[in-house]
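Okay, so here's the structure we're looking at.
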Amino acid sequence: MSFDASSARGDLILTRITKEYGDFKAVDDLSLTIAKGSFFALLGPSGCGKTTTLRMIAGLEEPTVGSIHLGETDITTTKPYQRPINTVFQNYALFPHLTIFENIAFGLRRRGIKDVDAQVNKVLNLVELPHLAGRKPTQLSGGQQQRIALARAIVNRPALLLLDEPLGALDLKLRRQMQIELKWIQKEVGLTFVHVTHDQEEAMTMADTIAVMNEGQIEQMGSPAELYDNPKTAFVANFLGQSNLIKGTISGNDGDSIVADLYGQKISLPKHRSHAVDNSIYAGIRPEKFRISLLNTPVSGNVLGGGHIEDVSYIGVSTQYQVAMPWGQELIVFEQNDDGVAPFKKGDAVNISWEPVFTFALRGDEDVTAGSEVNPEVLDEE
Amino acid sequence: MSKKTVDATIPTIPLTARFQRWFGRNLIRVYMVLAFTYLFIPVAYTFAFSFNDSGKSNLIWKGFTLDNWKNPCGAPEVCTALANSIKIGLLATIFSTILGTMIAFAIGRHKFKGRSTSNLLIFLPMATPEIVLGASLLSLFLVFKINPGFWPTVIAHVMFCISFVVVTVKARIASLDPRLEQAAMDLYANEFQTFRRVTLPLVAPGIAGAALLAFSLSFDDFIITNFNSGTVTTFPKFVYTAAARGIPAQANVIGSGMFFLALAIVIAGQFVNRRKAR
Amino acid sequence: MGKIRTPYLLLLPGFLFLFTFFILPIVNLAQTSTQTPIAGGDTGQYEQTLRFANYLDAFLENREQFGRSFLYALIATVLALMISYPLAYAIAFKSGKYKNFLLVLVVAPFFTSFLLRTVAWKQILGEEGFVVPTLRTIGIISESTTLTSTAFAVVMGMTYNFLPFMTLPLYASIDRIDPRTLEASGDLYANAFTTFRKVTLPLSMPGVVAGTLLTFIPAAGDYVNAAILGSPNTKMIGNVIESRYFKIVDYPTAAALSFTLMAAILILVTLYIRKAGTEELV
């Protein structure tokens, strides 16, 4: 065997990786540790460097500077076939001239493993496609090809499995189903998965930890809930779901809370949710955290008054409102349709309120549009 | 009132529109029939006259016979010429396919200094009229006191076939998804194994196609051969020389035979492809 | 390090071969073209005197054949384009499941020797063939008119012989056109003719360029069609080069003519490619 499986296992550690193509820095001084056994997602728009990072881990590219370690072993410059790492390629890259069986057996045969038949059949059963062993890849549906690509990789029991937009070519329904299956398989085989995607929903469904990448760097890393509830940058706030970002200044302190002034109206927010560096901030609130009320209704928590309903879109489980505020900004509000209350109408004068704990604060010098104009669904393959 | 709606007739399409539709649909078919007739007239003629009980000169229809097919080597020299053509064709195919495939891999798979010059060097022989290729090569052989003949002809054929092989194989290499080779490397195949197990099998149909093309180009070549073959007679050369007095019917037998053989190979190839795709 | 050398190692044998048997001969041909006969020597003995006037002499002496070569090749190319385009279009878009079969049919005539087919045309168009008597009976041609040994026969033979060189590249580029673009054009108020002119034709331009080159180049240098189907009045430059070589043993003139032909074709091709704006031919 060309590598010793036991020594090259453990956490994957990227240390100060930079990858340059001419003048262009695809990955810029990136450091990252991926814990053994975790399901890790690299999330970002196309061109953010996530695929380049993945290719460097796979050995298909070499970093310009920096090192990659798997456990104790330095694998920065080893060839792809010398690494205990396998990839599920975008569009699968199944060998069209080989049968499904031979596709899956490919890696085993190259490593000179003895009981090829048993292992291939076992993994075919795992992906529930044992009856397709004799077919050619072109005779399979997209979903079936996806599973075979996965089987071809995991049959080698790699220390690390890389998934490069593995579900991009599937339709929405199949994608949902495969997301759940992939996660199940990851638990079943207990491998480390590194998943590259531009689809925030996919990343949030599957991964334990997400690293949001932008312009070759990691913007923020954490669990899906952490990233969503407490984004550190406007890019993360906008790229993962939607956010209302309102300009303001910090005007005081109140124990564990900060008091901020948003266009003359005072609100408060927990201190640990502020990422501001000075008094200038953007206060961020997710649309579903807002409540709308007519002017004479009593409200609690933070309140912003003087709004007018500008637009109403009914979308089944919820209703989406655009509320025009006195300072000219339009805020987006999602209201669950669960209280039997008649929805608000266009033109209604309303107050907007929310619980202070849902507020986060970003630096006041941020570009509020960062991450919002990239529509991940449209910008597909890189 | 209700009766009226029941009686409503299906609206008819006006006659002129129907005529236009028929015309549009069938004009192209009529055209294809005419075009293919044009393409096949000489083939059919050659085939028909292979059954002519012609004697020496195969110019006028004199009656049906199977004798020519039973004894295709009946006319003097025709089979010697055929054998020469096949020998030259096979040798030219082997050498040009090997050399051309290597060049195609270099240009199609690598980035290197001088790549566009290489492309130009491949393009030039194809843009040079055959008569110039043939004449210039003969001049060179004469300078080195090499007599035209069998091997000079083989060399000449390899020379003009290489470019066609390169272009054909390169097209196949270009259509290859680089991710397949990356996947092989990812699955523990080293460079050599990747080439042998993935790249080569996937490019093979292109190489086979290039070899077939090279053989048919070599087999059918007259102009370059005429300059470099000296006293060696190939099949096209035989036909050209015999044309003045009327070619023997056995040449028609061989021409028709080649036609059906090649057709069979192409159809079998397509059949195999379809089976493989399954 | 090996990686950098690999492409050169792969190129080496092939390019060595092409250098020896393509470049070197062309250089040698250039050298031969300025030679003159050795005074008092045998036929076929020449010495280098750098007589560039050979070119002028050769050209002036044979300008008729030059003109004819390019004229015939041009007509044959245009005819082949006119015949091939609808054919390629029909195979690409209207043939359904018979596509592959029809493509084989286009190539199939090639499998019968090129010379056999040309000789067949000679006999079909000849006095004993069925075409001439039929046309005479209908009265399209007069009793004294013949079809062989005419420019018509030569051009027709060339058109015929180079037709697949036109059809196949045309087919390849028409087949790549997404039929939805044609529907979109119709949807955007273009009639069938405008659609063809503004969408189909521009999209198939690479095929048109490749096809016309693949037809024109061999046609301009051809002499087989002229030799079999023509007469002394339809001689092309190829016939002259051939007879200079084999019958008159006048190597310098033959070389000068070859060079002029090659240069003329290369210039025309370059201008044409510039104009057509397609550089990816190879």
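Just the heavy atoms: all of them, side chains too, but no hydrogens, waters or symmetry mates, feed the values below.
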Inset, instruction - Find the one option among B:Val239, B:Asp221, B:Ile254 whose heavy-atom pairs under 4.5 Å with chain C are most numerous. - result: B:Val239

Legend entry - Partner chain B: residue of C:Thr32, C:Val104, C:Val27 with the largest heavy-atom pair count (under 4.5 Å): C:Val104

Inset, instruction - Against chain B, label C:Ile83 side chain, backbone, both or neither, depending on which of its atoms sit under 4.5 Å from a heavy atom there. - result: both

Legend entry - Within 6.0 Å of CZ in B:Phe260, more than 12 heavy atoms from elsewhere: yes

Legend entry - chain B contacts, top residue of C:Ile217, C:Val224, C:Ile228 (heavy-atom pairs, under 4.5 Å): C:Ile217

Legend entry - Proximity breakdown for B:Val166 and chain C, heavy-atom pairs closer than 4.5 Å: neither

Legend entry - Under 4.5 Å from any heavy atom of chain B - which part of C:Glu242: both

Legend entry - Straight-line distance of C:Leu266 CG to B:Thr128 OG1, nearest 0.5 Å: 6.0 Å

Legend entry - Greatest number of heavy atom pairs closer than 4.5 Å to chain C - which of B:Pro236, B:Ala135, B:Ala243: B:Ala135

Legend entry - Minimum side-chain heavy-atom gap B:Pro129-C:Leu261 below 4.5 Å: yes

Inset, instruction - Classify the angle between the aromatic ring planes of C:Tyr160 and B:Tyr38 as parallel (below 30°), tilted (30 to 60°) or perpendicular (above 60°). - result: perpendicular

Legend entry - C:Pro25 to B:Leu140 - nearest heavy-atom pair and separation: CG-CD2, 3.9 Å

Inset, instruction - Heavy atoms only: give me the nearest B:Ile131-C:Gly221 pair and the separation to one decimal. - result: CG2-O, 3.7 Å

Inset, instruction - Can you tell which part of B:Ala127 gets under 4.5 Å to a heavy atom of chain C, answering side chain, backbone, both or neither? - result: both

Inset, instruction - Report yes if some heavy atom in the side chain of C:Phe111 is under 4.5 Å from a heavy atom in the side chain of B:Met258; otherwise report no. - result: no

Inset, instruction - Below 4.5 Å from any heavy atom of chain C, which atoms of B:Leu261 appear? Answer side chain, backbone, both or neither. - result: neither

Legend entry - chain B contact via C:Leu214 - side chain, backbone, both or neither, heavy atoms under 4.5 Å: neither

Legend entry - Within-4.5 Å side-chain heavy-atom neighbours: C:Tyr251 and B:Leu142: yes

Inset, instruction - Tell me, out of B:Ala251, B:Gly134, B:Ser163, who's got the most heavy-atom pairs with chain C below 4.5 Å. - result: B:Ala251

Legend entry - CG on B:Leu137 to CG on C:Asn28, rounded to 0.5 Å: 10.0 Å

Legend entry - Spacing of C:Thr20 atom OG1 and B:Ile155 atom CD1 [to the nearest 0.5 Å]: 9.0 Å

Inset, instruction - Heavy-atom pairs under 4.5 Å with chain B are the metric here; pick the option from C:Ser113, C:Gly238, C:Ala220, C:Pro218 that has the most. - result: C:Ser113

Legend entry - Heavy-atom proximity to chain B below 4.5 Å, by part of C:Thr159: both

Legend entry - Atom group of C:Val106 that falls short of 4.5 Å from chain B, counting heavy atoms: both

Legend entry - Spacing of CG belonging to C:Leu10 relative to OG belonging to B:Ser118, to within rounding of 0.5 Å: 11.5 Å

Inset, instruction - Quick one: which of B:Lys111, B:Lys237, B:Lys113 has the most heavy-atom pairs under 4.5 Å with chain C, could you say? - result: B:Lys113

Legend entry - Contacting moiety of C:Phe19, where chain B heavy atoms sit under 4.5 Å: neither

Inset, instruction - Check whether C:Ile26 gets within reach of chain B through its side chain, its backbone, both or neither, counting any heavy atom under 4.5 Å. - result: both

Legend entry - Closest contact, heavy atoms only, C:Pro13 versus B:Leu99: CB-CD2, 3.6 Å

Inset, instruction - Test side chain to side chain contact (heavy atoms under 4.5 Å, CB included) on C:Leu29 and B:Val132 and set out the steps. - result: CA-CA 9 Å; C:Leu29 191 73; B:Val132 179; 4.1 Å; yes

Inset, instruction - Grab the two heavy atoms, one from B:Ile28 and one from C:Pro86, that are nearest each other, plus how far apart they are. - result: CD1-O, 4.5 Å

Inset, instruction - Mind ranking B:Ile41, B:Ile162, B:Ile223 by heavy-atom pairs under 4.5 Å with chain C and telling me who comes out on top? - result: B:Ile223

Inset, instruction - Please state whether the side chain, the backbone, both or neither of B:Thr101 comes within less than 4.5 Å of a heavy atom of chain C. - result: neither

Inset, instruction - With a 4.5 angstrom heavy-atom cut-off, could you sort out which part of B:Ser139 is near chain C: side chain, backbone, both or neither? - result: both

Inset, instruction - For residues C:Leu87 and B:Phe36, determine if any side-chain heavy atom of one lies less than 4.5 Å from a side-chain heavy atom of the other. - result: yes

Legend entry - Between B:Phe227 and C:Phe246, ring centroids under 6.0 Å: yes

Inset, instruction - With a 4.5 angstrom heavy-atom cut-off, could you sort out which part of B:Ile103 is near chain C: side chain, backbone, both or neither? - result: both

Legend entry - Polar side chain donor-acceptor pair, C:Tyr245 to B:Asn226, under 3.5 angstrom: no

Legend entry - Distance in Å, B:Tyr240 OH paired with C:Leu115 CG, rounded so as to fall on 0.5 Å steps: 8.5 Å

Inset, instruction - Heavy-atom pairs under 4.5 Å with chain B are the metric here; pick the option from C:Leu105, C:Val119, C:Ile265 that has the most. - result: C:Leu105

Legend entry - Separation between CD1 of B:Ile98 and CZ of C:Phe17, rounded to the nearest 0.5 Å: 12.0 Å

Inset, instruction - Taking the side chain as every heavy atom from C-beta outward, state whether B:Phe219 and C:Phe114 have any atom pair closer than 4.5 Å. - result: no

Inset, instruction - Could you tell me whether the side chain of B:Leu121 reaches within less than 4.5 Å of the side chain of C:Leu18, counting heavy atoms only? - result: yes

Inset, instruction - Output, in order, the C-alpha distance, side-chain angles, deciding distance and verdict of side chain to side chain contact (heavy atoms under 4.5 Å, CB included) for B:Val266 and C:Val107. - result: CA-CA 10 Å; B:Val266 172; C:Val107 192; over 6 Å; no

Inset, instruction - Heavy atoms only: give me the nearest B:Pro42-C:Ile124 pair and the separation to one decimal. - result: CA-CD1, 4.1 Å

Legend entry - Selection from C:Gln123, C:Met262, C:Arg117 maximising heavy-atom pairs under 4.5 Å formed with chain B: C:Gln123

Inset, instruction - Below 4.5 Å from any heavy atom of chain C, which atoms of B:Phe235 appear? Answer side chain, backbone, both or neither. - result: side chain

Legend entry - Option that, when pairs with chain C are counted at under 4.5 Å, heavy atom only, ranks first among B:Val143, B:Leu34, B:Val158: B:Val158

Inset, instruction - Evaluate whether atom NZ of C:Lys235 has more than 12 neighbouring non-hydrogen atoms of other residues, nucleotides or ligands under 6.0 angstrom away. - result: no

Legend entry - Closest non-hydrogen atom pair between C:Pro7 and B:Ala106, with its separation: O-CB, 3.5 Å

Legend entry - Verdict with supporting geometry, C:Tyr223 and B:Glu130, side chain to side chain contact (heavy atoms under 4.5 Å, CB included): CA-CA 10 Å; C:Tyr223 68 87; B:Glu130 278 192 57; over 6 Å; no

Inset, instruction - Find out whether B:Tyr31 and C:Lys94 are in side-chain contact, i.e. whether some heavy atom of one side chain is under 4.5 Å from a heavy atom of the other. - result: no

Inset, instruction - Go through the atoms of B:Leu133 and report whether side chain, backbone, both or neither lie under 4.5 Å from a heavy atom of chain C. - result: side chain

Legend entry - Under 4.5 Å from a heavy atom of chain C, the part of B:Tyr45 involved: side chain

Legend entry - Heavy-atom side-chain contact between C:Leu9 and B:Met102 under 4.5 Å: no

Legend entry - C:Ala254 portion near chain B, given a 4.5 angstrom heavy-atom threshold: neither

